[in-house]
Number of protein chains: 2
Amino acid sequence: MLYLVGLGLADEKDITVRGLEVVKKAERVYLEAYTSILLVNKDKLEAFYGRPVIEADRELVETGSDDILAGADKVDIAFLVVGDPFGATTHTDLVLRARELGIESKVIPNASIMSGIGCTGLQLYNFGQTVSMVFFTETWKPSSYYDRVKENVQLGLHTLVLLDIKVKEQSLENMARGRLIYEPPRYMTVAQCAGQMLETEEERKEGVFGPDSLAVGAARVGAPDQNLVAGTLKELSEVDMGQPLHSLVLLGRRAHDLERDYIRRFAVDQATFDANWQKGYGSSH
Amino acid sequence: MLYLVGLGLADEKDITVRGLEVVKKAERVYLEAYTSILLVNKDKLEAFYGRPVIEADRELVETGSDDILAGADKVDIAFLVVGDPFGATTHTDLVLRARELGIESKVIPNASIMSGIGCTGLQLYNFGQTVSMVFFTETWKPSSYYDRVKENVQLGLHTLVLLDIKVKEQSLENMARGRLIYEPPRYMTVAQCAGQMLETEEERKEGVFGPDSLAVGAARVGAPDQNLVAGTLKELSEVDMGQPLHSLVLLGRRAHDLERDYIRRFAVDQATFDANWQKGYGSSH
């Protein structure tokens with residue numbers, strides 16, 4: 001049996017009781033370590049589980065999945081995923097491959113950022129489609145996300161923006177020379193995301209959002225030091241929310257007064273927040 | 001401290017390790033028992049926690065919240081919520097009330113149906129806004145959900161439909177006579193939901209969906225006997241998916257081939273599924 005086990009969002013204790021039972025009994029335990037991270041490292045997990053954990057990078061999962069699945073028709077293999085196994089990154093390909101090999105799969109769900117973002121007090125019912133923001137470079141500033149956000153904005157819905165992480169990436173030079181030297185990991189911040197959004201708006205000029213648009217930044221959702229900040233995109237582009245992971249929600253026009261009351265408490269500046277709220281949000285808009 | 005603890009979706013072992021620690025140490029433990037249910041009853045939870053659990057009905061939470069919060073400035077109170085505390089039903093009102101009383105709150109996230117529905121293999125990125133379906137009566141068939149679904153359909157996005165549950169409801173007659181007699185609990189099935197959707201379409205006639213529209217029914221997400229079925233709304237209106245809770249996803253036109261491959265495996269009828277897929281879904285539409 002292949003078990004896909006969600007680890008939740010913050011640390012080793014966010015695994016469910018059922019998930020922990022699976023991990024303790026599995027023959028091999030893999031940790032998917034390239035689409036998201038916990039706030040603790042592998043050593044901490046191994047100590048907590050009392051088991052060795054094998055880090056599975058993108059290469060292993062995408063091209064070496066048969067190694068992961070080896071023997072899973074007879075023994076239990078646990079594949080651990082930060083968040084939920086079918087949340088922000090789905091692992092349907094691994095399940096489909098297992099099925100081709102005659103191996104059954106079971107999923108142990110857990111909190112995903114896709115629902116955990118509810119901790120902002122914004123109603124999940126009022127969210128449109130989720131988008132991803134990648135790190136812009138000098139020459140590559142993809143704006144396809146802007147079209148999705150535009151669709152949400154036109155309906156007055158919130159948009160969850162998931163922020164890029166770069167783990168075990170090679171520089172172009174090292175890749176070209178075949179040197180297995182990896183860059184230090186990078187995690188996009190709320191400030192970088194807000195800055196890039198304003199950059200896209202400057203280029204596209206369709207008025208989907210602007211410096212005064214309200215948004216919520218969320219850092220380390222579910223952790224003891226979770227941090228939430230509400231403000232304009234301009235304000236958020238200058239905010240320091242600390243350690244990763246970060247996410248951002250662009251507020252939709254249909255936002256409810258109860259949502260306002262909740263997020264206003266952690267506004268960068270309540271006067272600015274109120275002024276911008278009155279310009280474009282809530283039941284009168 | 002007020003702890004809002006997510007219990008996840010299926011049974012007593014879906015609580016997280018951190019959540020269980022909180023429950024074991026809290027002075028009083030409440031279970032929110034009117035917006036969702038686990039597949040096990042309160043006795044099972046009490047045996048697993050080794051603690052008494054107080055059932056909190058709608059009345060206690062909405063008008064008696066100060067009783068729940070009594071003493072929480074000095075001791076720890078655990079308020080247990082099926083799924084995630086800020087998922088399908090948010091408990092921001094309780095947190096705001098706690099704050100007014102000078103009581104801090106912490107949330108222990110868990111799987112919510114809002115992300116757990118990813119187990120269908122449908123990408124959470126491709127979902128629009130979530131809607132709720134209430135039990136229709138002879139004289140009351142609200143169709144405001146249809147407008148929301150229409151917005152999603154026009155964008156080609158999936159729609160998660162959350163299904164009504166009626167727990168501890170009085171009949172109009174018993175209510176009028178002040179008799180505290182409650183009706184047996186009712187949980188909407190996928191078949192009832194699909195049937196009501198077709199009823200709304202017959203009335204509104206805006207072509208948002210029809211008998212041939214593809215959808216996925218999900219029952220007992222996250223449980224060992226989780227059940228997924230893909231088919232047309234007509235097919236799903238006749239399907240028996242067993243015990244509650246159920247949810248339904250109306251497929252969006254933008255659905256990806258990888259999503260098709262995944263859900264096709266549990267189609268009521270693969271030939272019908274393929275024929276209807278080709279008529280309106282995937283990259284060519």
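Quick note on labels: first sequence line is chain A, next is B, and so on, each numbered from 1. In this text, all values refer to a predicted model and were calculated from it rather than measured experimentally.
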Under a 4.5 Å heavy-atom cutoff, which of A:Gln123, A:Arg99, A:Gln226 has the most pairs with chain B?
-> A:Arg99
Sort B:Val221 into side chain, backbone, both or neither according to what part of it lies under 4.5 angstrom from a heavy atom of chain A.
-> neither
So CG of A:Asp261 and CG of B:Leu96: to nearest 0.5 Å the spacing works out to 6.5 Å
Begin with the C-alpha distance, continue with both residues' side-chain angles, and end with the deciding distance and a verdict on side-chain contact (heavy atoms from CB on, under 4.5 Å) for A:Arg18 and B:Asp11.
-> CA-CA 9 Å; A:Arg18 164 166 293 117; B:Asp11 65 29; 2.9 Å; yes
At a heavy-atom separation under 4.5 Å, does A:Leu124 approach chain B through its side chain, its backbone, both, or neither?
-> both
Tell me, out of A:Val107, A:Asp14, A:Asp84, who's got the most heavy-atom pairs with chain B below 4.5 Å.
-> A:Asp14
Count the heavy atoms belonging to other residues, nucleotides or ligands that lie under 6.0 Å from CZ of A:Arg265, then report whether that count exceeds 12.
-> yes
Is the number of heavy atoms from other residues, nucleotides or ligands within 6.0 Å of CD (B:Glu104) greater than 12?
-> no
Heavy-atom contact with chain B under 4.5 Å, split by part of A:Glu21 = side chain
Roughly how far apart are B:Thr16 OG1 and A:Lys13 NZ, rounded to 0.5 Å?
-> 10.5 Å
Select, from A:Gly116, A:Ala111, A:Gly6, the one with the greatest count of heavy-atom pairs under 4.5 Å involving chain B.
-> A:Ala111
Highest number of heavy-atom pairs under 4.5 Å with chain B among A:Asp93, A:Val95, A:Leu20, A:Val131 belongs to A:Val95
Any chance you could measure B:Arg148, atom CZ, to A:Asn126, atom CG, to the nearest 0.5 Å?
-> 9.5 Å
Given a strict heavy-atom distance threshold of 4.5 Å, which part of A:Tyr125 is in contact with chain B: side chain, backbone, both, or neither?
-> both
Structural part of A:Leu162 lying under 4.5 Å from a heavy atom of chain B = side chain
Test side-chain contact (heavy atoms from CB on, under 4.5 Å) applied to B:Gln129 and A:Gln129, A:His158, A:Arg254, the passing residue = A:Arg254
Exercise: identify the closest heavy-atom pair between A:Met114 and B:Ser115 | CB-CB, 4.3 Å
Smallest heavy-atom separation, A:Pro109 atom then B:Gly222 atom, equals CG-CA, 3.7 Å
For A:Gln243, does the CD atom have more than 12 heavy-atom neighbours from other residues, nucleotides or ligands under 6.0 Å away?
-> no
Contact part of B:Ile15 toward chain A, heavy-atom cut-off under 4.5 Å: side chain, backbone, both or neither?
-> both
Contacting region of A:Leu157 [heavy-atom separation from chain B under 4.5 Å] | side chain
Would you indicate whether B:Lys42, at its atom NZ, is surrounded by more than 12 heavy atoms from other residues, nucleotides or ligands within a distance under 6.0 Å?
-> yes
Could you check A:Asn110 against B:Asn110 for side-chain contact (heavy atoms from CB on, under 4.5 Å), going step by step and ending with a plain yes or no?
-> CA-CA 5 Å; A:Asn110 208 323; B:Asn110 208 323; 4.1 Å; yes
Rounded distance [0.5 Å steps], CG in A:Leu122 versus CZ in B:Phe86 | 10.5 Å
Interatomic distance, B:Cys119 atom SG to A:Leu4 atom CG [nearest 0.5 angstrom] = 11.5 Å
